[in-house]
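Accompanying notes for the structure given below.
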Amino acid sequence: MFTTPGRGYARPMSLIDRFRVEPGKTAGLSKRDPAETAGVDHAEADDRLAANVEAIDALQQRLYAEHTRALLVVLQAMDAAGKDSTIRHVFGPLNPQGVQVKAFKKPTPDELAHDFLWRVHQATPRRGHIAIFNRSHYEDVLVVRVDKLVPESVWRDRYDQINGFERLLCEAGTKVVKIHLLISPERQREKLMRRITDPRRNWKFEAEDFETRKKWGAYREAYEEAITRTSTKHAPWYVVPTDKKWFRLLVVSEIIRAELEAMKPEFPALKIEPAAAMKLLEELNESSP
Ligand code: AMP
Ligand code: MG
């Protein structure tokens with residue numbers, strides 16, 4: 001699907017366009033296939049992933065050097081959908097100096113004593129950086145809604161509050177990209193089982209995940225509404241099929257690459273006048289400390 005003979009890869013814009021939730025459209029989660037691979041071949045996807053990671057690395061260097069804008073990537077999904085592995089494979093190879101990962105757990109008493117965006121705002125990327133949220137402020141309209149941790153009147157207002165917050169980030173120079181990893185219940189069952197049967201994965205076992213799984217329908221509804229109400233032009237949602245790991249990594253890397261390319265980060269020019277630069281060069285040539 002990607003290769004153009006003799007010219008390397010064509011830009012497969014259509015691949016990510018189909019996974020973007022256009023503002024004003026519904027997420028349509030139940031109509032999407034978590035096992036979809038869009039006709040892409042596994043080996044081709046791996047090649048393309050490697051090329052994307054290289055391109056993302058080069059773009060990150062420019063973003064860092066430019067030091068004016070930032071990228072925030074929100075990863076939201078059910079347990080065992082592959083958030084951790086996505087972070088490792090797509091962002092792991094980048095320069096750690098310009099990348100932060102923030103995992104949002106159950107709020108602490110201190111965090112609960114503030115508004116729900118307080119802890120989130122502090123973790124947003126500084127200029128030049130990329131931040132990845134492993135879970136996010138969306139938990140406050142997902143688990144909080146499903147488990148009735150606050151009254152409906154409180155979480156309902158949060159969609160507008162989130163849109164306002166993300167607009168602020170955008171206007172301040174932070175591009176926000178939100179990715180929902182869509183896993184099927186069957187694939188989740190397999191992956192949760194592995195956490196019991198595979199000694200290298202036992203550490204990931206959490207009894208709570210099995211309780212959460214029983215509320216699949218309620219989570220589906222909560223995700224559907226959250227994504228539908230908060231996919232905006234300045235902070236779009238992508239729904240990425242996740243059952244096939246290699247396809248998930250391909251699509252996520254494709255999204256990040258395309259979003260960074262659209263930002264067009266540039267290396268800044270030399271900060272001194274050409275004449276002054278020449279003088280410094282001459283001095284360097286002539287002098288030895
Ligand atoms: P994990 O990502 O497996 O480490 O689990 C983190 C847990 O923290 C998940 O069960 C989330 O639902 C929960 N969590 C994250 N943010 C919130 C929040 N704002 N309110 C309640 N639970 C949360
Ligand atoms: Mg967990």
Side-chain angles (χ1 to χ4, degrees), residues 29 72-92 100-124 131-166 176 178-185 187-227 229-230 240 242 245 248 252:
L29 296 179
L72 170 59
V73 181
V74 169
L75 286 180
Q76 270 296 153
M78 298 297 280
D79 299 297
K83 299 189 290 298
D84 295 345
S85 105
T86 301
I87 292 170
R88 183 149 69 94
H89 287 94
V90 178
F91 301 97
Q100 293 88 46
V101 180
K102 170 73 182 172
F104 288 94
K105 308 288 181 183
K106 285 202 179 83
T108 63
D110 196 27
E111 288 168 349
L112 281 175
H114 294 83
D115 71 83
F116 78 105
L117 291 170
W118 180 72
R119 65 174 184 164
V120 179
H121 209 159
Q122 294 179 66
T124 54
I132 302 113
F133 283 0
N134 182 341
R135 303 185 189 270
S136 65
H137 42 302
Y138 285 93
E139 292 290 328
D140 294 279
V141 289
L142 294 166
V143 61
V144 166
R145 165 181 175 160
V146 171
D147 286 348
K148 302 185 169 51
L149 302 181
V150 300
E152 175 164 353
S153 58
V154 173
W155 61 253
R156 278 233 157 262
D157 284 344
R158 289 183 174 167
Y159 301 120
D160 287 344
Q161 291 160 356
I162 288 172
N163 286 336
F165 171 61
E166 292 176 354
V176 183
K178 302 172 295 195
I179 298 175
H180 174 49
L181 305 179
L182 185 72
I183 191 168
S184 66
R187 183 74 183 126
Q188 194 211 33
R189 182 197 296 121
E190 288 169 14
K191 292 184 78 180
L192 287 179
M193 268 179 190
R194 287 201 318 213
R195 293 181 174 188
I196 297 172
T197 57
D198 179 352
R200 286 169 313 166
R201 292 191 162 92
N202 287 163
W203 64 276
K204 287 190 178 180
F205 172 85
E206 268 176 299
E208 265 190 6
D209 297 351
F210 296 76
E211 290 307 309
T212 304
R213 179 180 157 82
K214 292 179 190 157
K215 303 170 199 164
W216 197 273
Y219 271 99
R220 174 51 62 90
E221 254 176 62
Y223 268 105
E224 178 71 28
E225 186 165 11
I227 293 170
R229 297 205 45 182
T230 62
V240 175
T242 289
K245 174 180 174 177
R248 172 196 354 121
V252 172

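Start at 1 with the first residue, then count along the sequence. For ligands, and for the atoms within them, numbers begin at 1 and follow the listed sequence. What you see is a predicted model; the values in this text were computed from it and never measured.
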How far is [atom] from its nearest protein heavy atom, and which residue and atom name does that atom have?
atom                    : value
atom 11 (C) of ligand 1 : E139 OE1, 3.6 Å
atom 18 (C) of ligand 1 : P107 CD, 3.4 Å
atom 10 (O) of ligand 1 : E208 OE1, 4.1 Å
atom 8 (O) of ligand 1  : K106 N, 3.2 Å
atom 6 (C) of ligand 1  : R135 NE, 3.6 Å
atom 3 (O) of ligand 1  : E206 OE1, 3.6 Å

For K105, is at least one N or O under 3.5 Å away from an N or O on ligand 1?
yes
In terms of atom number and element, which parts of ligand 1 are under 4.0 angstrom from non-hydrogen atoms of V144?
20 (N)
Taking only heavy atoms of D140 into account, list the atoms of ligand 1 that are under 4.0 Å away from them.
19 (N)
Under 4.0 Å, heavy atoms only, figure out whether ligand 1 is touched by the backbone of L142, its side chain, both or neither.
neither
Logged contact type for K83 with ligand 1, heavy-atom cut-off 4.0 Å, is neither
Quick test of your reading of the structure: of V143, D84, L112, whose heavy atom lies closest to atom 21 (C) of ligand 1?
V143
Tell me whether the NZ or CZ atom of K102 lies within the 45° cone about the ring axis of F104 and under 6.0 Å from its centre.
yes
Can you confirm whether more than 12 heavy atoms, excluding those of R156, are under 6.0 Å from its CZ atom?
yes
Please say whether more than 12 non-hydrogen atoms of neighbouring residues, nucleotides or ligands are located less than 6.0 Å from CD in E208.
no
Measure the shortest side-chain to side-chain distance between R194 and E190 over non-hydrogen atoms and say whether it is less than 4.5 angstrom.
no
Side-chain heavy-atom pair E111, T108 within 4.5 angstrom cut-off
yes
Under a 4.0 Å threshold between the charged nitrogen and the carboxylate oxygen, would D198 count as salt-bridged to K191?
no
Under a heavy-atom criterion of less than 4.0 Å, does R119 contact ligand 1?
yes
Classify the angle between the aromatic ring planes of H114 and W118 as parallel (below 30°), tilted (30 to 60°) or perpendicular (above 60°).
parallel
Of all heavy-atom pairs linking F205 and R195, the shortest is CB-O, 4.0 Å
Side chain to side chain contact (heavy atoms under 4.5 Å, CB included) for H137 and Q161? Distances and angles first, verdict last.
CA-CA 10 Å; H137 42 302; Q161 291 160 356; over 6 Å; no
